[in-house]
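Remember, it's 1-based here, ligands and their atoms both numbered in the order they're listed. Computation of the quantities below employed the complete heavy-atom set of this structure, encompassing side-chain atoms and omitting hydrogens, waters and symmetry-equivalent molecules.
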Amino acid sequence: MCGIVAAVISSGDIRAEVLAGLKTLEYRGYDSAGMAVLHQGEISVRRKMGKIANLEAELDRNELPPSGLVIAHTRWATHGAPADRNAHPHRDDKERIVVVHNGIIENFLELRQRLADAGHEFSTETDTEVLANLIASHRNTGLELHAAVRAALKEVHGAYGLVVMSADDPEQLIVARMDSPLVIGLGDHGNYAASDMPALLHLTRDFLILENGESAMLRADSMEVLSAAGKPIQPKTLHCDWTPEQAERGGYPHFMLKEIHEQPDVLARTAFDRCVDKDGDVDFEEEFGLTDAELAGFERLRFMAMGTSLHAAMLGQKFLAELARLPGETLNASEFLYSAPLEEGNALTVVVSQSGETADSLRAMREVQRRGGRVLGICNVQGSTLAREADHLILTHCGPEIGVASTKAFFGQVTALYLLAIRLGRARGVLNANQGREYLHDLRNLRHHFEALFRQESLDEIKQAADFLTGVRSCLFLGRGLQHPVALEGALKLKEISYLHAEGYPAGEMKHGPIALIDEHFPVIALSVKDRTYEKMLSNLEEVRARGGKVIAIANQGDERVAATADYVISVPEVPELLSPLVTVVPLQLLSYEVALGLGRDIDQPRNLAKSVTVE
Ligand code: M6R
C-alpha cells in the first residue's frame, strides 16, 4: 500500500522520470500524491489529494524547480484522512528534512508528544510527519544524515519503507525498510529507490533488495548499505526479467482487460518456458529446492493465502488430492495466526501470493517457520519478501500485474499448483511418467481453447449478461467441487470492481439459507459445466427458476439442457475436468469487467482498495 519513487542523479533533472515511475505505482494507493525536490539548498514540496493526475495538474500550475534529487509518493491513507495536508512527502517543522513513508509507525502518538514537549510543531495528523521531526531532532545533535535516520528508526515501532532527503545534505538520499518493501535501482547515471520494481523499469532492470532493518545512503555514483546491526554490507543484485512494456497498458483501455487477455501467454510463461524438462516431466527452477524424496516424505500440505490467491490455493488442495492422493487444508492466512499452535509434524505449507508482500500471508509464513515448519512460496514477484523468505519457491512469471483486481496472477497460481500436484503425484508414485506427461499435455492443449473464450460470440453473451447485472443490487455465484473456488473468485471480482454485492457459495449450501434471498431481482450465476457435479447443478438451476430467480449459466458450448433452464448462457469450451477452472474463470473476469464498465466504475483502481495489502 502506498507507492514510493526516489532518484539521485549526477547532473540534470529527473522530475519527469520520477513522476512517470509514480504513475506505474498508482495501483498501490491513490488517495493523494506528492513530490519533493531539492534545488539550491531548499526543499520544495507539492502535494494533492486524489489521483496522481491531480498532482500533475498542480505541478503544471505550480511548477517545481528542476532537480536531480527527487522523492515522490502515492498514498493509501492509514493515519489521517485523504487530504492535501496529509499527503506525503512530509517535512519537519524547520523544513530541512523531508520523508516519504509506507507502513505504520505504531508508537507515533507517544513520539509526537515527546517531540511536541521539546518544541516541535505539527501541522498534519500523520505518523510520517512525526518521523520527519524525529530524524531532524537526531540530525540536529550533529549526527550525519544516515546515522540520524538509523537513530530515529531505533525509537520507532512498526513497519516502514522510507526515503529521506535533507536540505543540508544535498547529494544523498537515505532509504530504509522494515516489513514494507523497498528496492534500490542501480543506474548508469544515478541510483533510485522504489516500493516496487515496475516503478523503475524505465530507468533500470538491476536492483538491490533491502532486508528488514537494513538502510542505505544513495549518491549518484556510490552507495553505502548497512545491515540491521549497522555494519557495511554488499547485498546481492537481482536482474528483473520484467520489461517496461509489460508495465504499460499496451493499447487496452484498462490494465485489467490487458491482463485477462494475457492469460494464454501466462500458461506458457508459468509452465512450459521454465517448469518442464526435456522429457516432458515437471521440473521446477532451482529455487524450488525440494527433491522427490523430500516431497514424498510430506504427510500433508497446508495452503495459505488471502483474497484471490486464497481461491487459487483452494484449487491447489483439490489438485493435490486428485493427482497425489495427499490430504491438505486451505486456510485464510490471517486466521491461521489465531489457531491453536499444533505440532507442524511432517507438513509442507504452501503460501500463495501474487505480490509476495501481503502482510497477513507473510506473518503466517513466519509463524509456520517459527513453529519449525517448512514453507513453499508461490509468488509472482521476484525479490519480494515471500520470494526471499520462503524455504522453497515457485515463481509464476506472469509479468507485472497492475490492475487491482487480480486476474492473470490467479491463472498463473492455479497453473503452478497443478504442476506442483503432478510433481507430488510423481514423487509419491501415484502417477507414472506417462500419466504425468498426459496431465501436462492437457495443460498445453488448453491454449487452443482460449480462442473460443475470446471469440466475439462469447463476448456478446457476456455483454448481454453484464447489461442485465448492471440493473441488480445483489447476486449469488454458485459452483460445486472444482467450480466452488471459481464461484468465490467470480463473486470477489464482481464486488471489488463493480461494488455490487455478490456472494460465492458451494451450490449444495444454497438450500441451507441463501435460497431465501432469491426472487426476480436476485440472480444466480451458476457454474454448470459437464463435470461430476453437472446433474446436481442442473437441479439447483431448476430450484432457482422455480422461485422466479434469473439464472446466468456458465456452460459448455452447445449444452441444450442448461440453455433450456438458464436466462443467459455464457459458453465455454469443454476441457479436462481438472483444468476447467482455468477456463470458467475467464468469462467471470470479463463479466465483472463489463458490469463495472457499464456502471462507470474506476476499474483499475476501485475505491478503498490497494493492490497489495501490506498492513494487517
Ligand atoms: O498479492 P496477494 O496475492 O497476496 O494479494 C492477496 C489479495 O490481497 C488479492 O488477491 C486481492 O484480494 C485482490 N484485490 C483480488 O482481486
How far is [atom] from its nearest protein heavy atom, and which residue and atom name does that atom have?
atom: atom 5 (O) of ligand 1; result: Thr358 OG1, 3.4 Å
atom: atom 8 (O) of ligand 1; result: Val613 CG2, 4.1 Å
atom: atom 12 (O) of ligand 1; result: Gly307 CA, 3.3 Å
atom: atom 1 (O) of ligand 1; result: Ser355 OG, 2.7 Å
atom: atom 9 (C) of ligand 1; result: Thr308 N, 4.1 Å
atom: atom 6 (C) of ligand 1; result: Met306 O, 3.3 Å
atom: atom 14 (N) of ligand 1; result: Glu496 OE1, 2.9 Å

Is the closest side-chain donor-acceptor distance between [X] and [Y] under 3.5 Å?
X: His202; Y: Glu248; result: no
X: Thr584; Y: Gln483; result: yes
X: Asn86; Y: Thr126; result: no

For [X], atoms of ligand 1 separated by under 4.0 Å from a heavy atom:
X: Ser309; value: 2 (P), 3 (O), 10 (O)
X: Gln354; value: 1 (O), 2 (P), 3 (O), 4 (O)
X: Val404; value: 13 (C), 14 (N), 16 (O)
X: Ala405; value: 16 (O)
X: Lys493; value: 15 (C), 16 (O)

Is the Lys NZ or Arg CZ of Arg274 less than 6.0 Å from the centre of Phe284's six-membered ring, within 45° of the axis? no

Are any of the heavy atoms in Ser361 under 4.0 Å away from ligand 1? no

Taking [X] first and then [Y], would you say they form a salt bridge - that is, a charged N and a carboxylate O separated by under 4.0 Å?
X: Asp179; Y: Arg366; answer: yes
X: Glu214; Y: Arg177; answer: no
X: Arg302; Y: Glu329; answer: yes

When the ring planes of Tyr418 and Phe319 are compared, do they come out parallel, tilted or perpendicular, using 30° and 60° as the limits? perpendicular

Apply the test ring-ring contact (aromatic ring centres under 6.0 Å, His included) to residues Phe468 and Tyr568: give CA-CA distance (whole Å), side-chain angles for both, the deciding distance (0.1 Å), then the verdict. CA-CA 9 Å; Phe468 163 67; Tyr568 299 88; 5.2 Å; yes

